[in-house]
Chemist: 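Sharing a structure, written as structure tokens. Questions coming.
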There are 2 protein chains.
Amino acid sequence: MTNQTAQSLAEVARYAGVSLSTASRALNDAYGVSAATRMKVLAAASDLDYVVSPDASRLARGTMGRVAVVVPHIERWFFGQMVSGIERVLSAADLDLMLYHVGDAVDRRDFLARLPARRKVDAVVVVAFPVNEEDRARLELIGAKIIAAGGQSASYPYVCIDDYEAGRLAMDHLLSLGHRRIAMIAGTDPDQPGWPAVSGRTRAYEEALRETGIEPDPSLTRVVDWGPLNAANAMEEILDSTQETPTAVFTHSDELAFGALRTLRRRGLRVPEDISLIGIDNHPMAEVLELTTVAQDVSEQGAAAGRLVLRALAGEGSAVAGTGEIAPIKLVTRSSTRKV
Amino acid sequence: MTNQTAQSLAEVARYAGVSLSTASRALNDAYGVSAATRMKVLAAASDLDYVVSPDASRLARGTMGRVAVVVPHIERWFFGQMVSGIERVLSAADLDLMLYHVGDAVDRRDFLARLPARRKVDAVVVVAFPVNEEDRARLELIGAKIIAAGGQSASYPYVCIDDYEAGRLAMDHLLSLGHRRIAMIAGTDPDQPGWPAVSGRTRAYEEALRETGIEPDPSLTRVVDWGPLNAANAMEEILDSTQETPTAVFTHSDELAFGALRTLRRRGLRVPEDISLIGIDNHPMAEVLELTTVAQDVSEQGAAAGRLVLRALAGEGSAVAGTGEIAPIKLVTRSSTRKV
DNA sequence: TTCTCTTTCGGAAGCGCTTCCGAAATTGTT
DNA sequence: AACAATTTCGGAAGCGCTTCCGAAAGAGAA
């Protein structure tokens, strides 16, 4: 029974003995076609192993059924989690996800100059990545909704954590353990010039200290590109540049903490006996390395972003500019921190 | 100068004062249209901020310009790297990448039942993930090329490492350091039933031992789902179930090694003083944790897979079934292994 | 200057589908 | 049984583009 495959609706219609339009209706509308003929068409379609060409369908219908997801780094944990969450809800909604890697400023320019005008997508999700007013305007002009994930925005709906709160959770934890001399390794992305240079996490560090009556010591602070090795170097610098070793280190992310951890171990400093260490993320390796951290569910944030897309496409008012979701965070105490 | 945007080629043609067909040719063919008129059209297009609708273009042309990338886990390092490499070459070739997450067998069934028939893509790259003969046939029927990444296949082009070789590199390293009592933590994916149960890495373990005159001891071996924590447990089991502690541990991946490392540390076993540890991958954390490993460049494998796609689409004979690329691997010696 | 050979361009068909519109068939009403 | 109200279905236009084909225009040859 090698039943041939139908490549077009026309073939199915002919096979079913109805007109093209009726066949189309049977497959979609479901109205204006009798149950009997619908069955006939459906049977024919199944017989011929036919499925509509979504492209032609959309061309005629005028919608895309696709959403772009733009990430600055595909390979990092955070972005993988995010994409995974987004994919989950988009695929459930039968939307296709087109992945775009936009590394540096050049890429970004290129991407925004091309995709938008190409009207290939109904929406674009930008992950931890800024879109300026002009680009936003262009995108909206062609009817593409914008959603931000992993970063706040006044111009479009977003989902992210409260970076300041996350920082405070970490810092307050250290302070409550009695730590006073606390170093910080801050993460930054040189390729994202538009991104707020000083994140809420840094602000949290400074304010938490000041509220405890401590003036932040610049020699205890380093700003590095995300990545464990950079943090490892920063940790060395910090240890070298100060006479009095800090009793705790707050890093902007777990991956930075891992790097710091390496340096500490190499220097013979035990964690947490000699020095406490805390990160942010709850990266899977954090559990393995017993790192105390501020947990966030990135995959779930991705899912939330996906839901924002769905709402925006449905034209619901709830997905308007500035409407954001703040994802929950939570201190996860492991054995990398202890009383001073 | 709020120049309005053109939504269709027709508008551009009118604006440029040429016919629709001429405008189309000016934008594509580049043949059969004089330089002067081409300039006119190009100027008009630029004036009106116009870009062709790739969908309509493809509908008319009959090609998709898209390739599906199917991964069982988006969020893991390996897959992130792979996708990142694929994306790099596809986007350079102006192909869109549609990402599909296919977790378990149900997803797989669903995916293969839908996408193929939907003729949405020109090719599909399956990452570390089996496609049976029937599915392959269906995909080819609709003209979609298949490429495998991170796994071998007799039915379509692939790119992967030689797992056996990788395992041998690791095992031979340990053996050459004098280790004789070597444990193994093997990785497996319960959601990938079609995947070879016993990978080349396991075979390498056994053969390397036997060649040295050692009969593999089952109590020194565990097979776990990928993920550090599982490996941590496996490591505990191994330590518990044997009187004589192994002098070295070979894990199928670095992430498994990380988990094993945790257990070893907790048990007070020093690496490498008391026990040597080796993995496969050269995961970024391996450098941080000083793990000796067998390095592979996964991103580059992704890029290679992308190139295979390009060749397959170009109809080149070099991308035929079974034609594979074996990516290079290399032992990276760090301080987690030493002479026994 | 007249007649070919090219080159350049417009017309029109068609990609596979949706959907408006009106004709035919069916059902209900009196 | 005759007529109106529905329902079901086919015809055809059109989504935005590509491309074949042939006409018009320009260039070259005689």
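Residue numbers begin at 1 in each chain, while the letters A, B, ... track the order of the sequences. Just so you know, these numbers come straight off a predicted model, no measurement behind them.
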Chemist: Does D:dC17 have its OP1 or OP2 closer than 4.0 Å to a side-chain nitrogen or oxygen of B:S57?
Modeler: no
Chemist: How long is the line joining CG of A:L59 and P of C:dT19, in whole Å?
Modeler: 13 Å
Chemist: Ignoring hydrogens and geometry beyond distance, is a side-chain donor-acceptor pair present between A:D107 and A:Y100 at under 3.5 Å?
Modeler: no
Chemist: Starting from C1' on C:dA12, measure out to CG on B:L20 and report it in whole angstrom.
Modeler: 11 Å
Chemist: Would you kindly give the CZ-to-P distance between B:R14 and C:dG10, to the nearest whole Å?
Modeler: 14 Å
Chemist: Output the rounded distance in Å from CG (A:D55) to C1' (C:dT18).
Modeler: 14 Å
Chemist: Tell me whether A:E300 is salt-bridged to A:R307, with the criterion being a basic N under 4.0 Å from an acidic carboxylate O.
Modeler: yes
Chemist: In whole angstrom, give the distance that lies between atom CD of A:E11 and atom C1' of C:dG16.
Modeler: 11 Å
Chemist: Report the distance from atom CG of B:L9 to atom P of C:dG10, rounded to the nearest whole Å.
Modeler: 13 Å
Chemist: More 5' along DNA chain C: B:Y31 or B:R61, using each one's nearest nucleotide?
Modeler: B:Y31
Chemist: For a quick check, tell me whether the side chain of B:R58 and the base of D:dG16 share a donor-acceptor pair closer than 3.5 Å.
Modeler: no
Chemist: Counting only side-chain N and O atoms of B:S53, is one of them less than 4.0 Å from OP1 or OP2 of D:dC17?
Modeler: no
Chemist: Take B:A60 and B:A36, find for each the nucleotide of DNA chain C with the closest heavy atom, and name the residue whose nucleotide sits nearer the 5' end.
Modeler: B:A36
Chemist: Taking B:D55 for the side chain and A:D55 for the main chain, is one N or O donor matched with an acceptor at less than 3.5 Å?
Modeler: no
Chemist: Take atom CG of B:L27 and atom P of D:dG16, then tell me their distance rounded to the nearest Å.
Modeler: 16 Å
Chemist: Tell me: CZ of B:R38 to P of C:dT8, nearest whole Å?
Modeler: 9 Å
Chemist: Under 4.0 Å between any heavy atoms, over every strand shown, what does A:S24 touch: base, sugar-phosphate, or nothing? Just pick one.
Modeler: base
Chemist: Please determine whether any donor N or O and acceptor N or O are separated by less than 3.5 Å between the side chain of B:R25 and the base of C:dG10.
Modeler: yes
Chemist: Could you please spell out the steps behind the salt bridge (charged side-chain N to carboxylate O under 4.0 Å, His left out) verdict for B:E11 and B:R14?
Modeler: CA-CA 5 Å; B:E11 299 177 36; B:R14 199 177 316 126; 5.9 Å; no
Chemist: Pick out which of B:E87, B:R88, B:Q81 makes a side chain to side chain donor-acceptor pair (under 3.5 Å) with B:S299.
Modeler: B:R88
Chemist: Indicate, yes or no, whether a donor-acceptor pair under 3.5 Å links the base of C:dG10 to the side chain of B:S21.
Modeler: yes
